[in-house]
Amino acid sequence: MDAPLRSTTSLLTFFLLFFLGLNMFKQVESLGINYGQVANNLPPPEKVLQLLHALKITKARIYDTNPQVLTTFANTNIELIVTVENQMLATLCDQQQAVQWVTSHIRPYFPATNITGIAVGNEIFTDENMSLMTYLVPAMVSIHAALVKTGLSQYIQVSSPNSLAVLANSYPPSAGSFRSDLSEIMQQFLQFLATTKSPFWINAYPYFAYKDNPNKISLDYVLFNSNEGMIDPYTKLHYDNMLYAQVDAAIFAIARMGFNGLEVKISETGWPSKGDTNEIGATLQNAAIYNRNILRRQLLNEGTPLRPNVRLDIYLFALFNEDMKPGPTSERNYGLFQPDGTMAYNVGLLSTTSSNTEPASASISLASSAPPKVNRVGYQSLVNWMMMIFVCFWWLCKC
């Protein structure tokens, strides 16, 4: 090869590798955030949107169909999951009521607001109001039919988040099975998800397992820290954290019901930064470690040991501490941020904020002491990018 051609080839190779390297700085597409609003001191949706943009978070879930949020999030890159409140299920079993609900709560905002999912209720199978269970699947069927009628079913999925209390067994993961008292209704629920190609959403909190058994469960195992983990005696799969084990237990439970192909996603997971005296493990340090390690795994687009090649979508709970939530102290302290826009703790979501809650700058970094305005980048991606640069210079020098 003559010198001019070799030089041109070298430059083309350099720019190709350079742009491949830049592509590694993309945002974490599998990470979302729960935007709860059970508080009297939260910033307006406009400020929340600014915060999400600054953090490069493009997926969010709200617990209603708040018109102000839906309007504010219009013409943005935010993918939004909305929620049908539990008390609405009985009404929406009626097809005409469901059409009216979709027509008034969804259709006016779509597609300007990128609504991708409707959560019908929340943790219905473990709600104290047992009658809600009989309404769930009929309400989901009616809402989906209303989406079909309005031409939205191909864009918006219908599902319902479940707590892990729907499982009778979850350890080891291969023993995962649903409670026997839920057998009939769960069969109907899973059939709906399979028919509409919608995911099975679970609210998974390793924190609760640790709080209830701190002497038997390794803190490092639930926090994603380095640990020996456990090996499922039947599948021989190795688990180095409880969250993935919980997800795979749900997958096995679903398969036992005859629906092996359903995708499982995490609609909620998180760790409280503060709790009552009996809420062992609810500390700032543990909350920061748990959520930081979730971010690390999401940057790698990981799957679980059972489905290593299927990216696990996770929605963190929650964006803000919510001061009006009932229950123990922990319930009001799951937020990554305080209502004034400052970080509750450093989880790798770096932001500098002003006193009026408007974020001046924010981004994601895996270095806990990194300065503001650090680009969102995973460690492995950075290593790969540096290797690309090294190869580029080596090639240029060689040519």
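- Counting non-hydrogen atoms of neighbouring residues, nucleotides and ligands closer than 6.0 angstrom, the CD atom of Q285 reaches no more than 12 such neighbours.
- Judged purely by distance below 3.5 Å, without hydrogens or angles, the side chains of Y155 and N114 never pair a donor atom with an acceptor atom.
- The side-chain heavy atoms of E302 and Y244, taken from C-beta on, include a pair separated by under 4.5 Å.
- In summary, the aromatic rings of F192 and F259 are positioned with their centroids too far apart to meet the 6.0 Å limit.
- A donor-acceptor distance shorter than 3.5 angstrom exists from the side chain of N34 to the backbone of L316, with no hydrogens or angles considered.
- Residues T113 and T71 fail the side-chain proximity criterion, which asks for heavy atoms closer than 4.5 Å.
- When only modelled atom types and interatomic distance are considered, N225 and N293 share a side-chain donor-acceptor pair under 3.5 Å.
- In this structure a side-chain-to-backbone donor-acceptor pair under 3.5 Å is present from S218 to D220.
- Ring pair F320/Y35 is perpendicular by interplanar angle, where above 60° counts as perpendicular and below 30° as parallel.
- D276 places a side-chain N or O within donor-acceptor distance of the main-chain N or O of T329, the cut-off being under 3.5 Å.
- W201 and V166 are members of different hydrophobic clusters when ILVMFWY side chains are connected at heavy-atom separations under 4.5 Å.
- Around OH of Y135, the count of heavy atoms belonging to other residues, nucleotides or ligands within 6.0 Å does not exceed 12.
- Here the shortest heavy-atom pairing between P161 and G121 reads CD-O, 3.4 Å.
- R332 places a side-chain N or O within 3.5 Å of a backbone atom of G327 that can act as its donor or acceptor partner.
- Between D323 and N40, the shortest heavy-atom distance links the atoms OD2-OD1, 2.6 Å.
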Does the side chain to side chain contact (heavy atoms under 4.5 Å, CB included) test come out yes or no for L167 and F178, once each step is laid out?
CA-CA 4 Å; L167 299 181; F178 290 112; 3.8 Å; yes
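- Counted by atom type alone, S174 and T235 present zero donor-acceptor pairs between their side chains at under 3.5 Å.
- A donor and an acceptor atom, one from each side chain of S330 and E279, are located under 3.5 Å apart.
- Considering L89, T126, L182 as possible partners of M133, the one that fulfils the side chain to side chain contact (heavy atoms under 4.5 Å, CB included) test is L182.
- The side-chain heavy atoms of W101 and T91, taken from C-beta on, include no pair separated by under 4.5 Å.
- Within the 4.5 Å cutoff, the side chain of I124 has heavy atoms near those of the S160 side chain.
- Hydrophobic clustering (ILVMFWY, side-chain heavy atoms < 4.5 Å, transitive): Y290 and I202 are in one cluster.
- Under the 4.5 Å side-chain heavy-atom criterion for ILVMFWY residues, a single connected hydrophobic cluster contains both F208 and F224.
- For the pair K56 (side chain) and H53 (backbone), a donor-acceptor distance under 3.5 Å is absent.
- For the side chain to side chain contact (heavy atoms under 4.5 Å, CB included) with M186, the qualifying choice from Q191, R179, M257 is M257, the only one to do so.
- The side chain to side chain contact (heavy atoms under 4.5 Å, CB included) with L243 is formed by just one residue from the set L223, I266, V222; it is I266.
- One side chain, S267 or N203, offers a donor N or O that lies under 3.5 Å from an acceptor on the other.
- Using modelled atom types and a 3.5 Å distance limit, the side chains of T342 and D340 yield a donor-acceptor pair.
- Of all heavy-atom pairs spanning V347 and L295, the tightest one is O-CD1, 3.4 Å.
- No side-chain heavy atom of Y334 sits less than 4.5 Å from a side-chain heavy atom of K325.
- For V120 against A139, the heavy-atom pair with the smallest separation is CG1-CB, 4.3 Å.
- In this structure, the side chains of V48 and T72 stay at 4.5 Å or more apart for every pair of heavy atoms.
- For the residue pair Q187 / S183, no side-chain donor-acceptor distance below 3.5 Å is found, with atom types taken as modelled.
- Atom CD of Q87 has more than 12 heavy atoms from other residues, nucleotides or ligands within 6.0 Å.
- S159 places a side-chain N or O within 3.5 Å of a backbone atom of P199 that can act as its donor or acceptor partner.
- Proximity of a side-chain donor or acceptor of S198 to a complementary backbone N or O of Q157 within less than 3.5 Å is not detected.
- One finds the CZ atom of R307 at 10.5 Å from the CG atom of L312 (value rounded to the nearest 0.5 Å).
- Side-chain contact, N291 with Y345: a donor N or O sits under 3.5 Å from an acceptor N or O.
- Checking D248 against Y239 by side-chain atom types alone, a donor-acceptor pair falls below 3.5 Å.
- A salt bridge between R61 and E268 is present, with a side-chain N of the basic residue lying under 4.0 Å from a carboxylate O of the acidic one.
- Using a 4.5 Å heavy-atom threshold, the side chains of W271 and I289 count as separate.
- Residues I115 and L70 are in side-chain contact: their nearest non-hydrogen atoms beyond the backbone lie under 4.5 Å apart.
- In this structure a side-chain-to-backbone donor-acceptor pair under 3.5 Å is present from N286 to G281.
- The minimum heavy-atom distance between L284 and A344, with the atom names listed, is CD2-O, 3.4 Å.
- Hydrophobic clustering, with ILVMFWY side chains joined whenever heavy atoms are under 4.5 angstrom apart, groups I62 together with L92.
- Residues G36 and L42 approach most closely at O-CD1, 3.5 Å, considering heavy atoms.
- Here the side chain of S273 pairs a donor or acceptor atom with the backbone of N333 at under 3.5 angstrom.
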Between Y171 and M230, does a side chain to side chain contact (heavy atoms under 4.5 Å, CB included) hold up when you go through it step by step?
CA-CA 10 Å; Y171 183 86; M230 59 85 65; 3.4 Å; yes
